[in-house]
Amino acid sequence: MNKKIFSGTLSALAAIATSAVAQDGAGRPNIIYIMCDDMGYGDLGCYGQQLISTPNIDRLATQGMLFTQAYSGSPVSAPSRASFMTGQHTGHTHVRGNKEYWGGTLVADPRYNNLQEYQRVGQEPYSTDHVIIPEIFKDNGYATGMFGKWAGGYEGSVSTPEKRGIDEYYGFICQFQAHLYYPNFLNEFSRSAGDTETHRVTLEQNIQHAMYGGDYNQRAQYSADLIHRRALSWLDSQSADKPFLGIFTYTLPHAELQQPDDEILQAYKDKFCECEEKNYGGDQGSRYNPTMIAHAQFAGMITRLDQQVGEIMAKLEEKGLADNTVLIFTSDNGPHEEGGADPTFFNRDGLLRGLKRSVHEGGIRIPFIVRWPGKIKPGSVSDHQFAFYDLMATFCDIAGIENYEEKYKNTKIANDWFDGISIYPTLTGEGTQECHDALYWEFHETNQIGVRKGNWKLIVKAGVCELYDLATDVHEDTNLASAYPEIVDELKAIISREHVNSSLFNVTLPN
């Protein structure tokens, strides 16, 4: 055969093979997205933490890329998760706060040994007018699993996992329910098992004991472990024949500060002397049980999470899937002081100002680590500025899903925004990284708006503007608004451009 013809034949065969792979999905990268709950920027060893052991996540950072200026979608849980899921910032996305839906008052529920429970739980549903990440990936041949907090709709609402592209789900539909680490029930949906809707699963051993005080410590079904084991089981069922998207929204280390009294907790009981410990009296209304060892509990919960990340890494290796899986670790927002948590004690460098619920850096700058063997240079560090709403675009680039905005834009509504810019070029070094003109946040509960443009940061509190230069003042101590009125006006104009009014989540625009 003529070499030219032979070469052309091989090329044609290769094209056919490539097309077949694209059609059945085999060979496309898998994505595992681990988003923990309320972990601060400085809570990991690889970000400078000195008191808590995180060897597995630190190892992940040496194998991939660590970001120093990554941002959550919001300073609290539900809207931050909505920003990730929708590819929209909180000036555009429907869910902009932790709006709860209780099904009446607490009642003695015979399903849970007559312990008091809400009859319906959950948060404001994601808008069904706008696509979310698992819907896109399921539509493009990916298996989809989610394990942990949903927070995208209340039980029975228009937005529950089975209605939004999730094949397998196990965890808390309601983020408030997740306050209790030994709950009465969890929520489950399994398409492979023939489920038609997300339903409750009673934790039979737990309900034999009190929900608060009393013999609560006799409860043995620890939700963080149950969720993790189900995620590992799902991961174990995956193969190289079909790509998968796993969204692991783990609840650690969010309050309450409770966990099994095993070797992890014992190590921290011995580590902190009595003068360094903190006694927390509890808050029954928030479902935070008391603890005499709040510091040991918090440190132990982060190390427990680190151990779980290590087990996920080991499972990918065991399955031979590590080389073709993009593994991401991050947190939904900054650290909290709820349930006895003490970020001042653990983050003694005081690098960032603000906590959860604040658009100061401490409330929204988060740890973000990505490993992708063969694509990301091990041990690399990036100061690229991006936020959660960039991840839809990034995930689509990773998966080779082209023109997702055009394909999934809802033309029936006036404005269906996709605010994200893919960080694929930063991850891989392929192509030129496009940057945002500015990053944007708003949060109604504390009546704050944040805009970052380059190193300038505008914070609006109840309509009053504060301006900071993060290049020289990352702690945001010196308000420069009066010195640079022209910069303030420039950033206010961005707010006018990006903010769309919400009847549910109102903020005061700048004066």
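One is the number of the first residue; the rest follow in order along the sequence.
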- Salt bridge present between E338 and R357 (N-O < 4.0 angstrom): yes
- Task: Spell out, as yes or no, whether a donor-acceptor pair under 3.5 Å connects the side chain of Y181 to the backbone of T251.
- Result: yes
- Task: Answer with yes or no after comparing the ring centroid distance for Y222 and Y182 against a 6.0 Å cut-off, counting only values under it.
- Result: yes
- Message: Between Y126 and W150, is the ring centroid distance below 6.0 Å?
- Response: yes
- Query: Taking the six-membered ring for Trp, are W234 and F244 parallel (under 30°), tilted (30 to 60°) or perpendicular (over 60°)?
  - Reply: perpendicular
- Message: Could you check whether any side-chain heavy atom of E476 comes within less than 4.5 Å of a side-chain heavy atom of L470, counting everything from C-beta outward?
- Response: yes
- Note on the structure: Heavy atoms of A399 and R28 approach each other most closely as O-CD, 3.4 Å
- Does any N or O in the side chain of Y41 come within less than 3.5 Å of the main-chain N or O of T68, such that one atom is a donor and the other an acceptor? yes
- So, does E256 use its side chain to make a donor-acceptor pair with the main chain of L180 at under 3.5 Å? no
- Test log, rule side chain to side chain contact (heavy atoms under 4.5 Å, CB included), inputs H360 and L352: CA-CA 8 Å; H360 280 289; L352 303 179; over 6 Å; no
- Apply ring pair (Phe, Tyr, Trp, His ring centres under 6.0 Å) to H92 and list each qualifying residue two or more places apart in sequence or on a separate chain. H89, W417
- Query: Which residues satisfy the ring pair (Phe, Tyr, Trp, His ring centres under 6.0 Å) test with F395, sequence neighbours excluded?
  - Reply: Y33, F84
- Task: Keeping to residues at least two apart or across chains, list the salt bridge (charged side-chain N to carboxylate O under 4.0 Å, His left out) pairs with something in residues 377-402.
- Result: none
- Query: Do we see a donor-acceptor contact under 3.5 Å between the side chains of Q448 and E442?
  - Reply: no
- Message: Exactly one of T394, L391, I247, L245 should register a side-chain contact (heavy atoms from CB on, under 4.5 Å) with I31. Which one does?
- Response: L245
- Task: Establish, yes or no, whether a centroid distance under 6.0 Å links the rings of Y408 and F418.
- Result: no
- Item | Test side chain to side chain contact (heavy atoms under 4.5 Å, CB included) applied to Q123 and C174, step by step | CA-CA 6 Å; Q123 281 69 49; C174 175; 3.4 Å; yes
- Give a yes or no answer on whether the side chain of E135 reaches the backbone of I132 with a donor-acceptor pair at less than 3.5 Å. yes
- Show the numbers, then the answer: is there a side chain to side chain contact (heavy atoms under 4.5 Å, CB included) between L305 and Q308? CA-CA 5 Å; L305 172 67; Q308 293 176 349; 4.1 Å; yes
- Set of residues satisfying side-chain contact (heavy atoms from CB on, under 4.5 Å) with respect to S192, sequence neighbours excluded: E168, S190
- Results of salt bridge (charged side-chain N to carboxylate O under 4.0 Å, His left out) for E197 - residues two or more places apart only: none
- Message: Listing request: all salt bridge (charged side-chain N to carboxylate O under 4.0 Å, His left out) pairs with a residue in residues 313-333, at least two apart in sequence or in separate chains.
- Response: R81-D332, D236-K315, K315-E318
- Residues pairing under salt bridge (charged side-chain N to carboxylate O under 4.0 Å, His left out) where one sits in residues 404-419, two or more places apart or in two chains, turn out to be D139-K407
- Message: Taking I57's backbone N and O only, do any of them form a donor-acceptor pair with D306's side chain (distance below 3.5 Å, no angle check)?
- Response: yes
- Hey, is the main chain of G362 close enough, under 3.5 Å, to the side chain of R353 for a donor-acceptor pair? no
- Task: Output all residues satisfying salt bridge (charged side-chain N to carboxylate O under 4.0 Å, His left out) with E155, sequence neighbours left out; order by chain, then residue number.
- Result: R200
- Query: Got a donor-acceptor contact below 3.5 angstrom from the D167 side chain to the G145 backbone?
  - Reply: no
- Task: With side chain to side chain contact (heavy atoms under 4.5 Å, CB included) as the test, would you mind laying out the steps for T54 and Q49 before giving the verdict?
- Result: CA-CA 9 Å; T54 56; Q49 177 57 231; 6.0 Å; no
- With a 3.5 Å cut-off and no angle check, do the side chains of H94 and E124 form a donor-acceptor pair? yes
- Message: Would R120 pass as a cation-pi partner of Y154, given that its NZ or CZ must be under 6.0 Å from the six-membered ring centre and within 45 degrees of the axis?
- Response: yes
- Item | side-chain contact (heavy atoms from CB on, under 4.5 Å) involving I376 - partner list, sequence neighbours excluded | M65, V370, W372, S380, L427
- Can you tell me if K163 uses its side chain to pair, donor with acceptor, with the backbone of S157 under 3.5 Å? yes
- Message: According to salt bridge (charged side-chain N to carboxylate O under 4.0 Å, His left out), who are the partners of R497, at least two apart in sequence or on a separate chain?
- Response: D437
- Item | Counterpart residues, side-chain hydrogen bond (donor to acceptor under 3.5 Å, both in side chains), relative to T325 (two or more places apart) | N30
- Item | salt bridge (charged side-chain N to carboxylate O under 4.0 Å, His left out) contacts touching residues 360-375 (sequence neighbours left out) | E361-R365, E361-K457, K375-E430
- Short question: side chain of S80, backbone of G73 - any donor-acceptor pair under 3.5 Å? yes
- Item | Side-chain donor-acceptor contact under 3.5 Å, R96 with T90 | no
- Query: Are the aromatic ring centres of F248 and H228 under 6.0 angstrom apart?
  - Reply: no
- Item | Near-ring test H436/Y71, centroid separation under 6.0 angstrom | no
- Query: So which of I328, V326, L235 actually passes side-chain contact (heavy atoms from CB on, under 4.5 Å) with I32?
  - Reply: L235
- Query: For the side chain of S159 and the backbone of G152, is there at least one donor-acceptor N/O pair under 3.5 Å apart?
  - Reply: yes
